[in-house]
Structure formats: structure tokens, C-alpha cells
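Following: one structure in C-alpha cells, then a few remarks.
In each ligand, atom 1 is the first atom listed, and ligand 1 is the first ligand listed.
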Amino acid sequence: MHTRPDNSAQHGVRARLTIAPEIAEALAARRPVVALESTLISHGLPHPQGVEVARAAEDAVRESGAVPATIAIHAGRILVGLDDEQLVALATTPGVMKAARPSLSAALAGGGWAATTVSATMIAAAAAGIGVFATGGIGGVHHGALGVPGSAARPTLDISSDLEELARTQVAVVCAGPKAILDVPATLEYLETRGVPVVAVGTTEMPGFWSRESGIVAPASVPDVAAAAALVGTHFLLGLGSGVLLCVPVPERDAYPLADARKAVERALADADAAGVEGPVLTPWLLARIAEITGGRSVSANVALIVNNAGVAGRLAVALAAR
Ligand code: PSU
Ligand code: MN
């Protein structure tokens with residue numbers, strides 16, 4: 001009970017939830033449940049990798065002994081738990097919206113399909129009573145958000161609503177670090193200012209999303225999932241109201257070398273700048289461009305890290321439920 005999010009202020013969101021029976025039963029019985037997001041399915045990966053990774057992430061959660069709850073929006077409802085037909089619809093329907101905290105109401109009022117980002121998924125998970133959530137990489141502070149040194153470029157202030165959500169919603173988010181397209185040091189500073197624990201699991205370095213390393217020391221680290229559960233359980237008991245960000249490196253065999261990733265990111269950022277891409281479409285655009293530049297190797301790393309994070313989140317949820 002104590003490790004569950006305080007959702008007393010979530011009546012309005014709760015009234016919008018359609019929770020699949022298996023998930024509702026698990027929550028009622030206090031069995032471990034892991035939330036999974038859906039923007040990575042519809043916007044973050046090409047088809048059919050999006051659907052394949054969604055299925056594989058659910059399998060990884062089940063193998064660890066927890067129940068998966070993939071979250072998306074359809075026909076004015078927040079679906080907690082999607083069947084296979086719904087997963088395919090989400091991945092293939094043209095014009096699926098990307099719903100974050102600022103666009104959640106538009107997505108619900110619009111009536112069609114919308115995928116939930118980290119921020120919107122955290123809101124839904126907290127309202128449902130789910131305390132653990134797995135994604136690929138969180139959004140954060142984009143390069144140029146605060147201006148570009150030595151240039152007259154206008155500061156874009158493009159800072160993902162994922163960061164504010166982590167500061168205000170009590171859910172543990174398992175990721176492979178902020179996406180490597182971001183200004184990672186600025187993202188860590190932002191999370192520190194807003195009071196979000198950032199914890200690397202099994203390493204003292206920040207995992208670099210497609211790469212195991214980033215060259216940046218993690219603000220905190222724990223050796224394993226058991227220690228992560230102790231930290232998350234303590235954080236939730238304190239009732240500070242914020243989430244915890246757990247960062248897990250991509251498995252070795254699917255990792256993309258850091259030096260190559262840096263080159264690909266630099267090229268993609270320059271291309272995005274030249275093409276004038278900005279706003280919510282920027283992250284999906286960069287991910288797609290980097291997939292092209294790396295000949296698909298960023299996609300295999302992305303798929304592997306998502307499935308790995310889902311398994312770690314499952315083990316974390318099991319450990320928390322046993323506390
Ligand atoms: N993880 C991935 N691929 C993704 C995302 C996460 O491996 O596409 C999504 C998440 O939904 C995250 C979003 O919230 O990217 C960040 O988008 P933005 O930078 O526009 O806030
Ligand atoms: Mn943004």
C-alpha cells in the first residue's frame with residue numbers, strides 16, 4: 001500500500017480509465033504490475049518494430065512475474081492494457097496523436113487513437129495505482145534549449161514535459177537514460193533542481209541510451225534491482241510526491257558504440273536544424289534520421305533496451321510488492 005502512488009488528486013483522470021480485467025484483478029490483489037508507454041510504438045520506432053517491441057516488452061514483464069499494462073488513448077478513454085488488435089491499430093492508424101501532459105485533454109477530446117509519452121503514461125499509471133513503469137529513454141533538455149554558445153540562435157526552450165512529470169508524479173520510471181539526442185548534463189541538472197532521484201543500476205556511469213556508457217557520472221547508483229527496490233520503496237514512503245528515474249544500460253550484445261552514436265547524433269541534429277524541425281515532432285524525426293544514418297543499428301539497440309528495461313521493471317515491481 002505504501003509503495004503505491006498517492007492518487008487522491010486524480011479523480012478526473014481515474015474516471016477516464018478503462019482498465020483491462022487482468023490488470024484490475026492484479027491491482028486489487030496488490031500483485032505487481034508494470035506500466036508500458038505507447039509513443040515508442042507509434043512514433044519512436046518504424047513499423048513493424050513498434051508492435052514487435054510492444055509484444056516483447058509485455059512478454060519480458062510477464063517472465064519476471066508481473067502483469068504488463070500498456071497504456072494508450074482511444075475514443076475518449078485512457079486504455080490501461082491493450083489487446084493485440086489494439087496494439088496493431090495504434091501502430092498502423094495514420095495520424096495517431098502523441099499525447100503528453102499538455103496534449104492529454106486534446107487527445108481525449110479528439111476521440112481517435114493517441115499514444116502516450118512518458119508524461120501522459122505516468123499520469124495514467126498513478127491514477128490506476130501502478131507504481132512502476134518501463135520505457136526506452138526519457139525526453140529531456142534538447143540541445144539549443146538554452147541557446148547555442150557563440151551563436152545568435154534563439155533559445156528554443158524545448159524541454160520535455162517528461163521532466164516536470166517526474167517531479168510531480170510518484171512513479172518509478174525504468175529507462176536506459178535520457179535519449180542520447182539530448183543535452184544530458186542539462187537534463188540531469190534540471191532533474192536535480194526539481195528533486196528527482198536519478199539512479200544508475202549496476203553501473204556508476206549514466207547509461208547512454210543506445211550505448212552502455214555516456215562519459216557522464218550518474219548522480220547516484222545502486223548495484224542491483226534489490227537495492228533499487230529499497231531506494232524506490234523508501235522514496236515512496238517519504239511521500240515527496242515525485243518519481244524516481246532508474247537508468248539501466250542496454251545489453252552488451254545490442255549496444256551501439258558511443259563514438260559512432262555521437263557522430264550519428266551530431267549529423268542528425270545538423271540535419272534537423274537545416275530542415276527547421278522543432279516542437280513535439282523533433283524527437284521522432286531525430287530517431288528516424290539516426291535509424292537511417294546507422295543503417296538500422298540504432299533501432300536494434302533501441303528495441304533491445306526497451307525489452308531489457310521491461311524485464312528490470314518487472315523484477316522491481318515484484319521486489320516492491322514483496323516489501
Ligand atoms: N523511448 C524510446 N523511444 C521513444 C520514447 C521513449 O525508446 O520514442 C518517447 C517517450 O514517449 C518520451 C518521448 O516521453 O519519446 C519524448 O518526447 P519529447 O522529447 O517530445 O518530450
Ligand atoms: Mn519538446
Hey, is [X] close enough to [Y] for a salt bridge, meaning N to O under 4.0 Å?
{"X": "Glu292", "Y": "Arg289", "answer": "yes"}
{"X": "Arg101", "Y": "Glu164", "answer": "no"}
{"X": "Arg315", "Y": "Glu63", "answer": "no"}

What's the shortest distance from [atom] to any protein heavy atom, and which residue and atom give it?
{"atom": "atom 7 (O) of ligand 1", "answer": "Asn302 OD1, 2.8 Å"}
{"atom": "atom 8 (O) of ligand 1", "answer": "Gly44 CA, 3.3 Å"}
{"atom": "atom 9 (C) of ligand 1", "answer": "Lys179 NZ, 3.4 Å"}
{"atom": "atom 12 (C) of ligand 1", "answer": "Asp162 OD2, 3.4 Å"}
{"atom": "atom 20 (O) of ligand 1", "answer": "Lys98 NZ, 2.7 Å"}
{"atom": "atom 2 (C) of ligand 1", "answer": "Gly137 N, 3.7 Å"}
{"atom": "atom 21 (O) of ligand 1", "answer": "Ser160 OG, 2.7 Å"}
{"atom": "atom 19 (O) of ligand 1", "answer": "Thr283 OG1, 2.7 Å"}

Minimal non-hydrogen separation, [X] against [Y], with atom names:
{"X": "Ala310", "Y": "Ala60", "value": "CB-CB, 4.2 Å"}
{"X": "His43", "Y": "Pro284", "value": "O-CB, 3.5 Å"}
{"X": "Ala229", "Y": "Ala319", "value": "CB-CB, 3.6 Å"}

Run the numbers for me: atoms of ligand 1, each under 4.0 Å from some heavy atom of [X], listed by number.
{"X": "Thr135", "answer": "1 (N), 6 (C)"}
{"X": "Phe209", "answer": "7 (O)"}
{"X": "Thr39", "answer": "11 (O)"}
{"X": "Thr117", "answer": "11 (O), 14 (O)"}
{"X": "His142", "answer": "19 (O)"}

Where the closest heavy atom to atom 3 (N) of ligand 1 is concerned, which of Leu182, Ile159, Ile306, Leu40 has it?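 It is Leu40 that holds the nearest heavy atom.
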To the closest 0.5 Å, what do you measure between NE2 (His235) and CD (Gln170)? 6.0 Å
Considering only heavy atoms, does Trp210 approach ligand 1 within less than 4.0 Å through its side chain, its backbone, both, or neither?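 Within the 4.0 Å criterion, Trp210 makes no contact with ligand 1.
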Is Leu305 touching ligand 1 with its side chain, its backbone, both, or neither, if touching means heavy atoms under 4.0 Å apart?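 For Leu305, no heavy atom sits under 4.0 Å from ligand 1.
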So is Glu37 touching ligand 1 or not, going by heavy atoms under 4.0 Å? yes
For [Y], does its backbone N or O pair with a side-chain atom of [X] as donor and acceptor, under 3.5 Å?
{"X": "Asn309", "Y": "Thr135", "answer": "yes"}
{"X": "Glu58", "Y": "Arg55", "answer": "no"}
{"X": "Thr117", "Y": "Ala99", "answer": "yes"}
{"X": "Ser221", "Y": "Ala200", "answer": "no"}
{"X": "Thr187", "Y": "Val141", "answer": "yes"}

Please find the N/O/S atom of Asp158 nearest to the Mn ion (ligand 2) and write down its name. OD1
Could you tell me whether Gly140 and ligand 1 have an N or O pair separated by under 3.5 Å?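 In fact, backbone or side chain, Gly140 has no N or O that close.
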Test your reading of the structure: does Thr116 have an N or O sitting under 3.5 Å from an N or O of ligand 1? no
